[in-house]
Each structure stands twice: as structure tokens, then as C-alpha cells.
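Quick notes on the structure that follows.
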Amino acid sequence: MASRGRNAWEVGKVPVTGQRVVRRALGRRLTKLRLANGKSRREVAEAKLGISEPTLHRIETGKVPVTGANVRALCWLYGADQSVTDALAELALGTSREEWWDGSPVIPDWFKLYVGLEASASKICTYDGEIIPGELQTEQYALAVFGAEQPRDDEAVHRQVKLRMQRQRALLARAPRLVTVLGEGALSRPVGGKTVLDGQIEHLRRTAKRDNVEIRVLPFTVGAHAAMAGAFRILDFDDPDDPDVVYLESHVGALYLEEEHEVAEYRRVFDLVMKSSVALEAF
């Protein structure tokens, strides 16, 4: 068992927001403690803490809220010292604490994790060849995007746009580093008509003047390029215990990639399209 007189890992400020992200962060830290202690999930379940093997799996993978009592029991079993135990027990409080997006019926459950990750990321790199990313859209452009999906409830479009604008304001106020590469098609497709597109492009030019924002364009003249498989984004986090994430979205769900080799491959692809792109102001 690890010594109770020293930390199994350093406890710092955990810059996480939203219950799903807190669950993710806490689960990873508890997993790290368990592995450092050389215990399997079955061995933990056999320790009679009242935590079954399936429950421990759900805790470690960030699927469920966690009580402070369970965290303290696990920390005791893993030999964590008091400062680590207190920090993780405090973190457990956030696993059931909702942010504005957690309780929203408009935001799909599979996207709520992304919103929380976005609210905690120190840098976000985005490639999209077809559409302006949500965090850079004007309200009129967003209305046209959501309207194109022809929802049964027209009011749903306005709710979606309202939430997108709220998320955008929160992100830009927090000012993480934003690096976006747009395909030329995203700047030429008249989403909402020419007037809306012109307003959108002007909005991009204004936003690109922010110190934390870089917007680049991948011209058609480049021809074949490394990101032709589709749009993606990479989220970086300052805390080394929170792995960087690649986010891939579809109409019915999303894929979150966290393995080092997966993130590294998407970084390689992003670097390649960055080298082939030009600055927005030069386009």
C-alpha cells in the first residue's frame, strides 16, 4: 500500500466545469491511484467497501455521480494521504452539480460533455471544410444552419441558436486559445444568402483580431489535403491529469478520442492543413 505520508500525485487546482467533466477528471484520478497501488477492480470490490466492480467501472469512466464517502473509502484503500483525500472528496461534490447546459433539454446528452470540456480547455484547434464552427457563427448564420435541418418545431431552431450564442459568449469571455482552419467552401457557400454570409465573414475578420484567436483558410487551389476525412477539433487542457481530446461529431452522436496515438495523429493532420492554409486577412 502506498505511504499515507506522501501524495500519490500532486493535487493542484482542477480547472473543470460541469458535472460530466468533473466525473471524468475524478474518475481518472481515482484510476491512477488504484493502478499506482497495484489493485484490480475486482480486488477493490472484494475489499468490502460497498462498491461493486461494475460501480467502480462506472466511477472510473465518469459515468455516474460519486459520493464523498465513496471517494474517502477508496482513498483509504489506496493509501492516499489526507490532502489528496480531501481534494478528491471536494471534487466529488461537483459530480452532481449542474451547469447551465447540464439541465438543458435542448442540448443532446452526447454534446453536454463537449460543452463542459470546451469550458475547461486552454486551447481549441478546429478544422471544418464545410461550415463556420458554432463558436464563430453570427446569430443569422446559426439560424440558417439550424433551419436547414428542417426541424418539426420551428421554435426549436430559436432555442438552439439562443443556446449557441450563450455558449459562444461564455467561451469568448474566458478567452482560451482558438485556432481555426476553414475550408474555402465554408466562406463561399451562401448559408442564409449573400447578405448573411457577408455579415458572417465580417464577423470572422473582427474576431480574428482578438489576441487569442487565429483564423486561417485552406484554399481550393491546395487540392487534396490531409483533412479530407472531415471536420474535427482538438481540445488541450493545462492539467496533465486531464488528457487532451479529439472531438468528432455526427448527426446522432459524437466520438471522443483520448488515446495518445489518436490525438497525436489528429495533431499531425491539423499541422499539415495549417501549413497549407493562409491567414484569413490574406484571403
Closer than 3.5 angstrom, by distance alone: can the side chain of [X] be matched with the main-chain N or O of [Y] as a donor-acceptor pair?
| X | Y | value |
| --- | --- | --- |
| Gln200 | Leu136 | yes |
| Thr95 | Ala92 | yes |
| Gln19 | Ser96 | no |
| Glu90 | Ala87 | no |
| Glu43 | Ser40 | yes |

To the closest 0.5 Å, what do you measure between [atom1] ([X]) and [atom2] ([Y])?
| X | Y | atom1 | atom2 | value |
| --- | --- | --- | --- | --- |
| Asp198 | Leu187 | CG | CG | 11.0 Å |
| Leu49 | Asn70 | CG | CG | 8.5 Å |
| Leu74 | Leu56 | CG | CG | 6.0 Å |
| Tyr127 | Leu218 | OH | CG | 5.5 Å |
| Lys162 | Glu155 | NZ | CD | 9.5 Å |
| Ile132 | Ile215 | CD1 | CD1 | 8.0 Å |

salt_bridge([X], [Y]) N-O dist < 4.0 Å:
| X | Y | result |
| --- | --- | --- |
| Glu118 | Arg167 | yes |
| Asp244 | Arg267 | yes |
| Asp236 | Arg177 | no |
| Arg216 | Glu214 | yes |
| Arg268 | Asp271 | no |
| Glu139 | Arg164 | no |

Using side-chain heavy atoms (C-beta onward) and a distance below 4.5 Å, is [X] in contact with [Y]?
| X | Y | answer |
| --- | --- | --- |
| Val246 | Tyr256 | no |
| Leu171 | Arg174 | yes |
| Thr207 | Arg210 | yes |
| Val263 | Pro243 | no |
| Leu77 | Val44 | yes |
| Asp242 | Arg24 | yes |
| Val66 | Leu26 | yes |
| Ile234 | Ile124 | no |

Residues in salt bridge (charged side-chain N to carboxylate O under 4.0 Å, His left out) with [X], at least two apart?
| X | result |
| --- | --- |
| Arg205 | none |
| Glu60 | Arg34, Arg41 |
| Glu130 | Arg189 |

Spell out, yes or no, whether [X] and [Y] are grouped together once hydrophobic residues are joined by side-chain heavy atoms under 4.5 Å, including indirect joins.
| X | Y | result |
| --- | --- | --- |
| Val181 | Val217 | no |
| Ile131 | Val191 | yes |
| Leu272 | Val278 | no |
| Leu248 | Val21 | no |
| Leu178 | Tyr247 | yes |

Considering residues, nucleotides and ligands other than [X], do more than 12 of their heavy atoms fall under 6.0 Å from its [atom1]?
| X | atom1 | result |
| --- | --- | --- |
| Glu260 | CD | no |
| Arg206 | CZ | yes |
| His203 | NE2 | yes |

Next item on the list: Would you please test Asp238 and Lys123 for salt bridge (Lys or Arg N to Asp or Glu O under 4.0 Å) and show each step?
Entry: CA-CA 9 Å; Asp238 286 336; Lys123 181 179 180 182; over 6 Å; no

[X] and [Y]: which non-hydrogen atoms are nearest, and at how many Å?
| X | Y | result |
| --- | --- | --- |
| Ala89 | Val71 | N-CG1, 3.6 Å |
| Ala226 | Val269 | O-CG1, 3.5 Å |
| His57 | Thr61 | O-OG1, 2.7 Å |
| Pro133 | Leu182 | CD-CD2, 3.4 Å |
| Thr85 | Cys75 | OG1-CB, 3.3 Å |
| Leu280 | Ala208 | CD2-CB, 4.2 Å |

Check: Are His225 and Phe220 near enough that their ring centres are under 6.0 Å apart?
Finding: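 No, the ring of His225 stays outside the 6.0 Å limit from the ring of Phe220, centre to centre.
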
Item checked: Steps toward side-chain contact (heavy atoms from CB on, under 4.5 Å) verdict (Leu88, Leu30) -> CA-CA 8 Å; Leu88 293 185; Leu30 289 173; 3.9 Å; yes

Notebook entry, point to check: Should the ring pair Phe270 and Phe232 be called parallel, tilted or perpendicular, given that the plane angle runs from 0 to 90° and is split at 30 and 60?
Noted result: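 Rings of Phe270 and Phe232: perpendicular, as their planes differ by over 60°.
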
Notebook entry, point to check: Should Asp239 and Arg29 be marked as a side-chain contact (heavy atoms from CB on, under 4.5 Å) after you check the CA-CA gap, both sets of side-chain angles, and the distance that decides it?
Noted result: CA-CA 12 Å; Asp239 194 318; Arg29 286 158 174 78; 2.8 Å; yes

Next item on the list: Please report the C-alpha distance between Val64 and Arg23 in whole Å, then the side-chain angles of each, then the deciding distance to 0.1 Å, and finally whether the side-chain contact (heavy atoms from CB on, under 4.5 Å) criterion is met.
Entry: CA-CA 7 Å; Val64 294; Arg23 291 173 191 175; 5.7 Å; no

Note to self: Assess the residue pair Tyr114 and Arg233 against the criterion (side-chain hydrogen bond (donor to acceptor under 3.5 Å, both in side chains)); give the C-alpha distance rounded to whole Å, side-chain angles, the decisive distance to 0.1 Å, and a yes or no.
What the structure shows: CA-CA 11 Å; Tyr114 175 79; Arg233 52 185 59 210; 2.7 Å; yes

Next item on the list: Test Asp86 against Arg72 for side-chain contact (heavy atoms from CB on, under 4.5 Å), laying out the working first.
Entry: CA-CA 8 Å; Asp86 291 343; Arg72 290 186 182 279; 3.0 Å; yes

